[in-house]
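None of the values given here were measured: they were computed from a predicted structure. Both backbone and side-chain heavy atoms feed into the values below; hydrogens, waters and symmetry mates do not.
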Amino acid sequence: MKAGVSTACLYPLEVEKAFRSLAENGVKLTEIFVNSDCELRDPYLKEFLEIQKMYDVRVSSVHPYTCGIEPMMLFTDYERRLWDMLDYFERFFDFMNKLGAKYFVIHGNKTQNFCEDEFYFERFRAVQERARSFGITAVQENVARCTSRSLGFLKKMADNLGDDAKFVLDTKQAHRSGIDPIKIVRVLGEHIVHVHFSDYGKKGDCLKFGDGEYDNLSLFRELKKIGYKGDIVIELYRSGFKSVEDLCNNYRKLNEFLTETEF
C-alpha cells in the first residue's frame, strides 16, 4: 500500500496548480479531481503531462466534477442522457490514458432520486463496460448523501455485478454514514480497489493521519487481509491542514507508516 494525495485537498486552487504544488513538495502519487471540462484538454493536459514527467508523479485515479449531474444523466428513465453521459465520459478516459490513471471515481445516484436497485446496477454496468473499453475501471464511492451510503446496497451491488462491481472506500464518508470503515472492508472484500483516507476522532471526521483516535492500524490490517495492494489517497478539506507543507508532511508520515509497519 502506498500513500497519495488528492488535488481536491487544495480546492479551489486550480487543479493544475494544485498538481504542481503537490509535486513540488515531494508527493509521488496523486488523484486528480477534474473541476472543469476545459481541464481535460490542452493547454491544461499538456501542463499535467509536463509536471508528471518533471517530478515523476504517478496518477492513480481521476474524480470527475460530474457527480452533481450523475443522478439525472445516469439514473433516470430518459435513456438518451445515459448514452450522452457515456460518450462524455470518454473524454475523461482518454485524459486518464494519457496520464496513466486507472480508476474513475463516481458518486452515483442521490437518495432523493429514486430508482430500483437492479436499474442502478444495470446503469453502473454500462459505465463499467464503456470504461473497460478504454482500459479503465469505474469505481463506486460510498458517499453519505448518496444511495451508496448504505452498506446493504453496496453488498447487493457486489453480489449482482460480480467482477464489474469495484469500490472506493472513503473513510470520512463511512463515518458520516454511521458505518465503521473496517466493516465495509469485511463486507465488500476484494471488490475494494481504491481508498480515500482521512482520520477520525473528537476533532472531526476529516483529519490528517494521526490527528484522530480511530484505529487505523486495524483498518490497514483488514485491508491487507483481503489482499488489498492499492493506494491510500489522503482526501481532506482545506480546514483539515495548515498549509501545503503541512499536508505533504502528513503524506510522508502516512507513507512511512504504511511502508514500515508490520500488518
Side-chain angles (χ1 to χ4, degrees), residues 2-70 88-107 134 136 139 141 143 168 170-173 194-199 204-211 230-256:
K2 295 287 184 68
V5 183
S6 172
T7 62
C9 296
L10 298 178
Y11 182 85
L13 182 67
E14 291 88 346
V15 63
E16 73 282 359
K17 294 178 182 177
F19 187 54
R20 182 179 294 278
S21 184
L22 294 175
E24 287 176 343
N25 280 277
V27 173
K28 294 297 183 181
L29 170 65
T30 66
E31 174 173 294
I32 292 179
F33 196 117
V34 176
N35 292 306
S36 182
D37 176 76
C38 64
E39 293 161 0
L40 298 170
R41 305 183 299 275
D42 289 339
Y44 304 106
L45 173 58
K46 182 180 179 181
E47 185 169 357
F48 283 126
L49 291 169
E50 289 173 349
I51 295 167
Q52 184 180 43
K53 183 177 180 180
M54 182 181 299
Y55 294 97
D56 189 28
V57 180
R58 178 165 66 88
V59 179
S60 66
S61 50
V62 165
H63 199 315
Y65 69 93
T66 57
C67 46
I69 61 171
E70 286 167 10
Y88 182 58
F89 279 164
E90 290 190 1
R91 297 191 193 183
F92 286 92
F93 303 153
D94 185 61
F95 173 84
M96 292 172 68
N97 280 333
K98 287 181 170 64
L99 289 165
K102 183 176 181 180
Y103 297 117
F104 181 67
V105 181
I106 72 167
H107 285 187
F134 283 77
I136 302 297
V139 288
E141 184 175 11
V143 182
V168 185
D170 188 302
T171 61
K172 169 181 72 271
Q173 296 293 336
H194 194 53
V195 174
H196 287 165
F197 177 82
S198 57
D199 213 336
D205 58 15
C206 193
L207 306 174
K208 290 185 299 180
F209 171 64
D211 281 4
D231 303 317
I232 310 292
V233 176
I234 296 171
E235 188 180 65
L236 301 176
Y237 300 134
R238 286 298 290 262
S239 59
F241 55 95
K242 296 177 182 177
S243 64
V244 176
E245 292 76 18
D246 183 34
L247 173 65
C248 294
N249 284 336
N250 196 246
Y251 150 79
R252 283 183 277 274
K253 180 179 178 179
L254 176 57
N255 218 16
E256 182 177 324

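- Although no hydrogens or angles enter the test, the distance criterion places no donor-acceptor pair under 3.5 Å between the side chain of Asn255 and the main chain of Tyr251.
- Taking all atoms of both residues into account, the shortest heavy-atom contact from Lys2 to Leu29 is O-CD2, 3.8 Å.
- Atom CD of residue Gln52 and atom NZ of residue Lys98 lie 12.5 Å apart, to the nearest 0.5 angstrom.
- Atom NZ of Lys28 sits in a crowded spot, with more than 12 heavy atoms from other residues, nucleotides or ligands closer than 6.0 Å.
- Within the model, atoms OG1 of Thr30 and CZ of Phe48 stand 9.0 Å from one another, a figure rounded to the nearest 0.5 Å.
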**OP:** I would like to know whether Phe241 and Leu10 meet side-chain contact (heavy atoms from CB on, under 4.5 Å); could you show each step before the answer?
**Re:** CA-CA 10 Å; Phe241 55 95; Leu10 298 178; 3.8 Å; yes

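- Closest of all the heavy-atom pairs between Leu236 and Leu207 is CD2-O, 3.4 Å.
- Considering CG of Asn97 and NZ of Lys102, their distance stands at 12.5 Å, rounded to 0.5 Å.
- With Thr66 contributing its side chain and Ile69 its backbone, the two residues share no donor-acceptor pair below 3.5 Å.
- Considering only heavy atoms from C-beta on, Tyr88 comes within 4.5 Å of Asp37 through its side chain.
- In terms of heavy atoms, Ser6 sits closest to Val233 at N-CG1, 3.5 Å.
- Checking side-chain atoms of Thr7 against main-chain N and O of Ile32 turns up no donor-acceptor pair under 3.5 Å.
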**OP:** Tell me, with the steps shown, if Glu47 and Arg20 meet side-chain contact (heavy atoms from CB on, under 4.5 Å).
**Re:** CA-CA 9 Å; Glu47 185 169 357; Arg20 182 179 294 278; 3.5 Å; yes

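- Note that the CG atom of Asp94 and the CE atom of Met96 stand 11.0 Å from one another [nearest 0.5 Å].
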Original post:
Passes side-chain hydrogen bond (donor to acceptor under 3.5 Å, both in side chains), Glu31 versus His196? Steps please.
Top reply: CA-CA 10 Å; Glu31 174 173 294; His196 287 165; 2.9 Å; yes

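- Geometrically, Lys172 engages Tyr237 in a cation-pi contact, judged by NZ or CZ lying under 6.0 Å from the ring centre and within 45° of the ring axis.
- Residues Leu40 and Leu45 form no side-chain contact, since every pair of their non-hydrogen atoms from C-beta on lies 4.5 Å or further apart.
- The closest side-chain heavy-atom distance from Glu70 to Pro64 is below 4.5 Å.
- With rounding to the nearest 0.5 angstrom, the CD atom of Glu16 is 9.5 Å from the CG atom of Asn35.
- Within the 6.0 Å centre-distance limit, the rings of Phe89 and Phe104 are counted as a close aromatic pair.
- Cys206 contributes atom SG, which lies 11.0 Å from atom CD1 of Ile234 (distance to the nearest 0.5 angstrom).
- Below 30°, between 30° and 60°, or above 60°: for Tyr65 and Phe92 the angle between ring planes is between 30° and 60°, a tilted geometry.
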Original post:
Under the side-chain contact (heavy atoms from CB on, under 4.5 Å) criterion, do Phe19 and Val59 qualify, and how do the steps go?
Top reply: CA-CA 10 Å; Phe19 187 54; Val59 179; 4.0 Å; yes

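- Checked by atom type and distance alone, the side chain of Asn250 pairs as donor or acceptor with a backbone atom of Phe209 at under 3.5 Å.
- A donor-acceptor pair under 3.5 Å is absent between the side-chain atoms of Ser60 and the main chain of Tyr103, judged by distance alone.
- In the model, Asn249 has a side-chain atom that pairs as donor or acceptor with a side-chain atom of Arg252 under 3.5 Å.
- Looking at every heavy atom in both residues, Val57 comes nearest to Val27 through CG2-O, 3.6 Å.
- Surrounding NZ of Lys208 are more than 12 heavy atoms belonging to other residues, nucleotides or ligands, all under 6.0 Å away.
- A pairwise comparison of heavy atoms in Cys248 and Leu22 identifies SG-CD2, 4.0 Å as the closest pair.
- Side-chain contact between His107 and His63: present, with at least one pair of heavy atoms (C-beta onward) separated by less than 4.5 Å.
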Subject >> Verdict with supporting geometry, Tyr44 and Val15, side-chain contact (heavy atoms from CB on, under 4.5 Å) >> reply: CA-CA 9 Å; Tyr44 304 106; Val15 63; over 6 Å; no

